[in-house]
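Reviewing the structure listed below.
Positions are given from 1 along the sequence. Only a predicted model underlies this, so the values are computations on that prediction, with no experimental measurement involved.
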Amino acid sequence: QVQFVESGGGLVQHGESLRLSCAASGLTLDDYAIGWFRQAPGKEREGVACISASDGSAVYLDSVKGRFTISRDNARKTVSLQMSSLKSEDTAVYYCAANTMRRRCLEPMSARYEYDYWGQGTQVTVSS
């Protein structure tokens, strides 16, 4: 059974940092591009960052470029999202998922339908 579990969310002040983790089980992480998505109340879920399976190259949502960094540790089956200079508009539930249709991330990120094995999410709240 494939399972993704997100952790690391919390309440932070504007300008502070957080590191989210995504722990995968039941699959060979090396085979998949992995994406981080977020969903704010009343808004559509949007892709934030993606890291390719093959070479670890990454793509980002324009609004987080230069502030967020995605990384992966295939041996430990984890994917992390380092978030810095957080803003109130980053407040959302953050999810990780595997792209089951391609191994290399597209820019802009692929639509949600390409992703599967969604975790339960972790809440990030940035107070101004």
Under 3.5 Å donor-acceptor pairs involving side-chain atoms of residues 62-71, not counting sequence neighbours:
residue	atom	partner	partner atom	Å
D62	OD1	K65	NZ	3.1
K65	NZ	E107	OE2	3.0
R67	NE	S63	O	3.4
R67	NH1	S85	O	2.9
R67	NH1	D90	OD2	2.8
R67	NH2	S63	O	3.0
R67	NH2	D90	OD1	3.0
R67	NH2	D90	OD2	3.4

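From Q120, atom CD reaches atom CD of Q3 across 8.0 Å, with rounding to the nearest 0.5 Å. With values rounded to the nearest 0.5 angstrom, C50 atom SG is found 8.0 Å from L106 atom CG. Atoms OG1 and CG, from T78 and L29 in turn, are 7.5 Å apart once rounded to the nearest 0.5 Å.
Residue pairs satisfying the salt bridge (charged side-chain N to carboxylate O under 4.0 Å, His left out) criterion with at least one member in residues 110-121, sequence neighbours excluded, are listed as follows: R102-E114. Residue pairs satisfying the ring-ring contact (aromatic ring centres under 6.0 Å, His included) criterion with at least one member in residues 89-115, sequence neighbours excluded, are listed as follows: F37-Y115. Listed by first then second residue, pairs satisfying salt bridge (charged side-chain N to carboxylate O under 4.0 Å, His left out) with a partner in residues 2-12 number zero, not counting sequence neighbours. A salt bridge (charged side-chain N to carboxylate O under 4.0 Å, His left out) check over residues 13-34, counting only residues at least two apart or in different chains, returns the pairs D31-R103. Residue pairs that meet the salt bridge (charged side-chain N to carboxylate O under 4.0 Å, His left out) test with at least one member in residues 47-60, sequence neighbours left out, are D55-R104.
Side-chain contact between Y32 and L27 is present, with heavy atoms from C-beta onward closer than 4.5 Å. Side-chain atoms of M83 and L20, non-hydrogen and from C-beta on, do get closer than 4.5 Å to each other.
Taking R76 as the reference, nothing meets the side-chain hydrogen bond (donor to acceptor under 3.5 Å, both in side chains) condition, with sequence neighbours excluded. Remark: Q13 engages S127 in a side-chain hydrogen bond (donor to acceptor under 3.5 Å, both in side chains) (not counting sequence neighbours). Scanning for salt bridge (charged side-chain N to carboxylate O under 4.0 Å, His left out) contacts around E46 gives R38, with sequence neighbours left out. By the side-chain hydrogen bond (donor to acceptor under 3.5 Å, both in side chains) test, Q39 is found to be paired with R45, residues two or more places apart in sequence or in another chain being considered. A search for side-chain hydrogen bond (donor to acceptor under 3.5 Å, both in side chains) contacts involving T91 returns nothing, not counting sequence neighbours.
Side-chain contact, T122 with S7: no donor N or O sits under 3.5 Å from an acceptor N or O. Q82 and S80 share no side-chain donor-acceptor pair at under 3.5 Å.
Under the 4.5 Å side-chain heavy-atom criterion for ILVMFWY residues, no single connected hydrophobic cluster contains both V79 and W118. Using a 4.5 Å cut-off between side-chain heavy atoms of Ile, Leu, Val, Met, Phe, Trp and Tyr, with links allowed through other members, L18 and L11 fall into different hydrophobic clusters. I34 and V59 sit in two unconnected hydrophobic clusters of ILVMFWY residues. Membership requires side-chain heavy atoms under 4.5 Å apart, directly or through other members. No chain of hydrophobic side-chain contacts below 4.5 Å, direct or via other Ile, Leu, Val, Met, Phe, Trp or Tyr residues, connects M109 to W36. V124 and L61 fall within a single hydrophobic cluster, where Ile, Leu, Val, Met, Phe, Trp and Tyr side chains are chained together by heavy-atom contacts under 4.5 Å.
For S52 (side chain) and C105 (main-chain N/O), a donor-acceptor pair under 3.5 Å exists by modelled atom type.
In terms of heavy-atom proximity, C96 sits nearest to F4 at SG-CD2, 3.7 Å.
For E44, the CD atom sits in a loose shell: 12 or fewer heavy atoms of surrounding residues, nucleotides or ligands are nearer than 6.0 Å.
Here V5 sits alone; no ILVMFWY side chain lies under 4.5 Å from its own, so it joins no hydrophobic cluster.
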